[in-house]
*Asks:* 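Here you go, one structure.
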Amino acid sequence: FAQAHDRIYQGLALRKKNGQRGREAFSINALGMLQRDEGHLDKARVSFNEAYNIWKTLRAEVDMASVSRNLGWIDYLEG
């Protein structure tokens, strides 16, 4: 998982540096999926909400739907 974290954070940094907000949200969503897979559900929820809020600001409804599905998985896994 460590290498996956490194790659996601590298991509996230580049996207932030270049002002690619929508792509930044993709990296944050990917981080949330990794955190979910590691069992860090609270961290994953924070990441998914952050990605959702970026896409909401950009009015990217299709992407908002995708991250909403991920939030639903967190709800399911938390019982």
Side-chain angles (χ1 to χ4, degrees):
F1 288 115
Q3 185 177 7
H5 275 278
D6 289 345
R7 290 181 187 266
I8 290 170
Y9 281 115
Q10 287 171 359
L12 180 57
L14 288 170
R15 288 171 169 170
K16 282 184 177 185
K17 178 182 172 185
N18 290 293
Q20 297 178 328
R21 293 289 288 160
R23 303 311 260 161
E24 180 182 333
F26 276 110
S27 291
I28 295 167
N29 188 54
L31 177 61
M33 289 188 287
L34 180 60
Q35 291 165 328
R36 179 199 61 209
D37 291 348
E38 292 176 308
H40 303 295
L41 301 182
D42 290 341
K43 289 180 181 180
R45 182 179 296 281
V46 169
S47 294
F48 291 144
N49 279 322
E50 184 177 353
Y52 181 89
N53 288 329
I54 291 170
W55 282 323
K56 184 177 180 181
T57 299
L58 298 174
R59 297 184 177 156
E61 292 181 352
V62 171
D63 298 317
M64 289 167 59
S66 176
V67 80
S68 290
R69 179 192 64 231
N70 291 335
L71 284 163
W73 273 108
I74 296 298
D75 292 338
Y76 170 77
L77 292 170
E78 288 180 333

*Asks:* According to the interplanar angle, ranging from 0 to 90°, do the rings of Trp73 and Tyr76 count as parallel (below 30°), tilted (30 to 60°) or perpendicular (above 60°)?
*Replies:*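 Aromatic pair Trp73/Tyr76 classed perpendicular.
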*Asks:* Apply side chain to side chain contact (heavy atoms under 4.5 Å, CB included) to residues Met33 and Phe48 and explain how you reach the verdict.
*Replies:* CA-CA 8 Å; Met33 289 188 287; Phe48 291 144; 3.9 Å; yes
*Asks:* Give a yes or no on whether Tyr9 and Val46 share a hydrophobic cluster (residues Ile, Leu, Val, Met, Phe, Trp, Tyr; joining criterion: side-chain heavy atoms under 4.5 Å apart).
*Replies:* no
*Asks:* State the CD1-CG distance between Ile8 and Leu34, to the nearest 0.5 angstrom.
*Replies:*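 Rounded to the nearest 0.5 Å, the CD1-CG separation comes out at 5.0 Å.
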*Asks:* Any chance you could measure Asn53, atom CG, to Ile28, atom CD1, to the nearest 0.5 Å?
*Replies:*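 Result: 10.0 Å between the selected atoms.
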*Asks:* Find the distance between CG (Asn18) and CZ (Arg23) and round it off to the nearest 0.5 Å.
*Replies:* 12.5 Å
*Asks:* For Phe26 and Asp63, run side chain to side chain contact (heavy atoms under 4.5 Å, CB included): C-alpha distance rounded to whole Å, both residues' side-chain angles, the deciding distance at 0.1 Å, then the answer.
*Replies:* CA-CA 9 Å; Phe26 276 110; Asp63 298 317; 3.5 Å; yes
*Asks:* When rounded to the nearest 0.5 angstrom, what is the spacing between NE2 in His5 and CD in Glu38?
*Replies:*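 Those atoms lie 3.5 Å apart.
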*Asks:* What's the verdict on side chain to side chain contact (heavy atoms under 4.5 Å, CB included) for Leu12 and Lys16, showing C-alpha distance, side-chain angles and the deciding distance?
*Replies:* CA-CA 6 Å; Leu12 180 57; Lys16 282 184 177 185; 4.0 Å; yes
*Asks:* For Gly22 and Trp55, work out which heavy atoms get closest and say how close.
*Replies:*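 Closest approach of Gly22 to Trp55, heavy atoms only: O-NE1, 3.4 Å.
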*Asks:* Minimum heavy-atom separation for Ala51 and Ala25, please, with both atom names.
*Replies:* CB-O, 3.6 Å
*Asks:* Taking only residues two or more places apart in sequence or in another chain, which ones pass salt bridge (charged side-chain N to carboxylate O under 4.0 Å, His left out) with Arg15?
*Replies:*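 Salt bridge (charged side-chain N to carboxylate O under 4.0 Å, His left out) check on Arg15 returns nothing, list empty.
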*Asks:* Using 0.5 Å steps for rounding, measure from the OG atom of Ser66 to the CG atom of Asn29.
*Replies:* 5.5 Å
*Asks:* What distance do His40 atom NE2 and Ser47 atom OG have between them, rounded to the nearest 0.5 Å?
*Replies:* 11.0 Å
*Asks:* Check this for me: Asp42, atom CG, are more than 12 non-hydrogen atoms of other residues, nucleotides or ligands nearer than 6.0 Å?
*Replies:* no
*Asks:* Taking a hydrophobic cluster as the set of Ile, Leu, Val, Met, Phe, Trp and Tyr residues connected by side-chain heavy atoms closer than 4.5 Å, whether directly or through intermediates, do Tyr52 and Leu77 fall within one such cluster?
*Replies:*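 Yes, it is one cluster - the side chains of Tyr52 and Leu77 are joined through contacts under 4.5 Å.
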*Asks:* Could you please spell out the steps behind the side chain to side chain contact (heavy atoms under 4.5 Å, CB included) verdict for Glu78 and Arg45?
*Replies:* CA-CA 11 Å; Glu78 288 180 333; Arg45 182 179 296 281; 2.8 Å; yes
*Asks:* So if you build clusters from Ile, Leu, Val, Met, Phe, Trp, Tyr with side-chain heavy-atom gaps below 4.5 Å, do Leu58 and Val62 land together?
*Replies:* no
*Asks:* When you compare the side chain of Thr57 with that of Arg21, does any pair of heavy atoms fall below 4.5 Å?
*Replies:* no
